[in-house]
Amino acid sequence: MKIKITKTTTPGTMPSEDQLGFGKVFTDHMFIMDYEAGKGWYDPRIVPFGRISLHPASTVLHYGAEIFEGLKAYRREDGGVQLFRPMENIKRMNNSAERMSLPAIDEQDMLEILETFVKTEEKWVPRSFGTSLYLRPFTFGNDESLGVHAVKSATFMLIASPSGSYYAEGINPVKIMIESEDVRTVRGGTGYAKCGGNYAASTRAGEKAMKKGYSQVLWLDGVERKYIEEVGAMNVMFKIGGEIVTPKLTGSILPGITRKSCIEVLKSKGYTVSERLLSLDELVEAMKSGTLEEAWGCGTAAVVSPIGQLAVGEDEYEINDGKIGAVTQELYDVLTGIQWGKIEDPFGWVYKL
Ligand SMILES: *Cc1c(COP(=O)(O)O)cnc(C)c1O
């Protein structure tokens with residue numbers, strides 16, 4: 001793939017690393033390429049970061065044809081930069097594309113795009129542990145017509161944002177409430193795809209939870225409203241006695257790469273991990289009898305996020321005295337250790353640039 005690079009004449013400067021936050025500052029450039037049915041992807045280019053112009057009838061603005069990914073570039077202590085399991089994001093993006101009738105991108109081309117772009121923006125990869133350059137690839141339907149059908153034109157872009165440490169103030173367990181009205185998705189729907197529409201439909205519940213003093217909601221399945229699915233926009237895991245349980249991928253759950261990595265780390269350390277249905281009733285029983293030892297969300301942004309309190313209707317249950325548990329801490333240490341290159345990677349997950 002021949003990527004044309006046009007450098008900015010007004011390069012920016014990196015803010016102080018303890019003031020980065022998440023997704024607010026963007027790098028000097030962005031990657032764009034266009035797609036037409038019959039022609040395929042064309043004109044791959046890196047250009048100065050800036051606004052884009054869309055036709056007011058552009059498909060994405062009306063029918064929500066949009067998918068995205070989220071991954072990070074990490075700075076190792078030796079100064080080098082690496083990605084974490086990028087091929088997993090690439091394959092998932094193509095699965096999302098298939099679900100939303102958007103065009104897929106050749107895996108090797110996508111890897112080359114990520115690599116070329118991160119190398120161009122290298123100075124924007126922050127240096128302190130916990131900070132990273134967040135990468136956001138996305139594809140959207142861009143037909144200039146209001147007809148409803150699989151798109152004939154699309155645009156792929158990649159933007160990047162230097163991001164601060166998620167746990168700048170230490171790892172504090174969060175308060176979560178069960179969501180009993182809204183559901184995130186249903187089986188047969190788009191739950192397994194990383195598409196913007198899922199987020200649009202789930203922010204209401206999150207906002208409602210915040211007003212009540214919780215950080216996020218625990219989603220139940222959309223069919224029976226009985227089984228645990230995810231927490232906010234993260235996958236979820238529980239330690240119940242000697243078993244670590246995470247909801248199995250039924251189609252309405254996003255197949256997280258952090259989830260997959262947690263399962264593989266836990267199994268390598270001899271833990272019993274079950275991917276199975278977990279009902280809210282079973283969880284409440286475990287909280288009442290004291291066998292629920294730990295609960296945590298997992299995703300690229302936070303790595304792991306311990307749950308210290310869970311509200312089921314009017315009842316509030318404290319988990320592990322509101323403190324981070326030993327397994328959650330171990331997962332955090334191993335995954336961040338591998339990602340930031342502090343410990344050896346026995347799994348072959350890091351991709352050095
Ligand atoms: C992205 C995402 C996750 C986490 O996936 P990772 O690959 O671990 O970052 C979980 N749930 C939802 C709904 C997501 O969009």
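Please read all numbers here as calculations on a predicted model, not as lab measurements. In each ligand, atom 1 is the first atom listed, and ligand 1 is the first ligand listed.
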**Q** Output yes when Arg259 and Glu275 qualify as a salt bridge under the 4.0 Å nitrogen-oxygen rule, no when they do not.
**A** yes
**Q** Hey, are Arg127 and Glu17 close enough for a salt bridge, meaning a charged N less than 4.0 Å from a carboxylate O?
**A** no
**Q** Just to be sure I'm reading this right: ignoring hydrogens, which of Val303, Asn198, Thr258 gets closest to atom 8 (O) of ligand 1? Compare them by their nearest heavy atoms.
**A** Thr258
**Q** Which protein heavy atom lies closest to atom 11 (N) of ligand 1, and at what distance to 0.1 Å?
**A** Glu230 OE1, 2.5 Å
**Q** Decide whether a cation-pi geometry holds between Lys175 and Tyr214; the criteria are a distance under 6.0 Å from NZ or CZ to the six-membered ring centre and an angle within 45° of the ring axis.
**A** yes
**Q** Using the rule given for salt bridge (charged side-chain N to carboxylate O under 4.0 Å, His left out), can you reason through Lys352 versus Asp78, listing the C-alpha separation, both sets of side-chain angles and the distance that settles it, and then say yes or no?
**A** CA-CA 12 Å; Lys352 294 185 182 181; Asp78 67 9; 5.5 Å; no
**Q** Which atoms of ligand 1 sit under 4.0 Å from any heavy atom of Ile257?
**A** 6 (P), 7 (O), 8 (O)
**Q** Under a 4.0 Å N-O cut-off, is there an ion pair linking Lys194 with Glu66?
**A** no
**Q** Considering only non-hydrogen protein atoms, determine which one is nearest to atom 13 (C) of ligand 1 and report residue, atom name and distance to 0.1 Å.
**A** Arg184 NH1, 3.3 Å
**Q** Tyr199 heavy atoms, cut-off 4.0 Å: which ligand 1 atoms fall inside?
**A** 14 (C), 15 (O)
**Q** Going by the atom numbers of ligand 1, which of them fall below 4.0 Å from some non-hydrogen atom of Thr300?
**A** 6 (P), 7 (O), 8 (O), 9 (O)
**Q** For atom 2 (C) of ligand 1, what is the nearest protein heavy atom, given as residue, atom name and distance?
**A** Lys194 NZ, 2.6 Å
**Q** Should the pair Asp182-Lys208 be classified as a salt bridge under the 4.0 Å nitrogen-to-oxygen rule?
**A** no
**Q** Measure Asn235 to ligand 1 on non-hydrogen atoms and call it side chain, backbone, both or neither using the 4.0 Å cut-off.
**A** both
**Q** Near Arg92, which atoms of ligand 1 are under 4.0 Å from a heavy atom of that residue?
**A** 5 (O), 6 (P), 7 (O)
**Q** Quick one: which of Thr27, Asp28, Thr13 gives a side chain to side chain donor-acceptor pair (under 3.5 Å) with Trp124?
**A** Asp28
**Q** Which is closest to atom 3 (C) of ligand 1 in terms of heavy atoms, Ala233, Gly256, Ser261, Pro255?
**A** Ala233
**Q** Once you restrict to heavy atoms under 4.0 Å, what part of Met234 touches ligand 1? Side chain, backbone, both or neither.
**A** backbone
**Q** Any carboxylate oxygen within less than 4.0 angstrom of a Lys/Arg side-chain nitrogen, looking at Arg92 and Glu69?
**A** yes
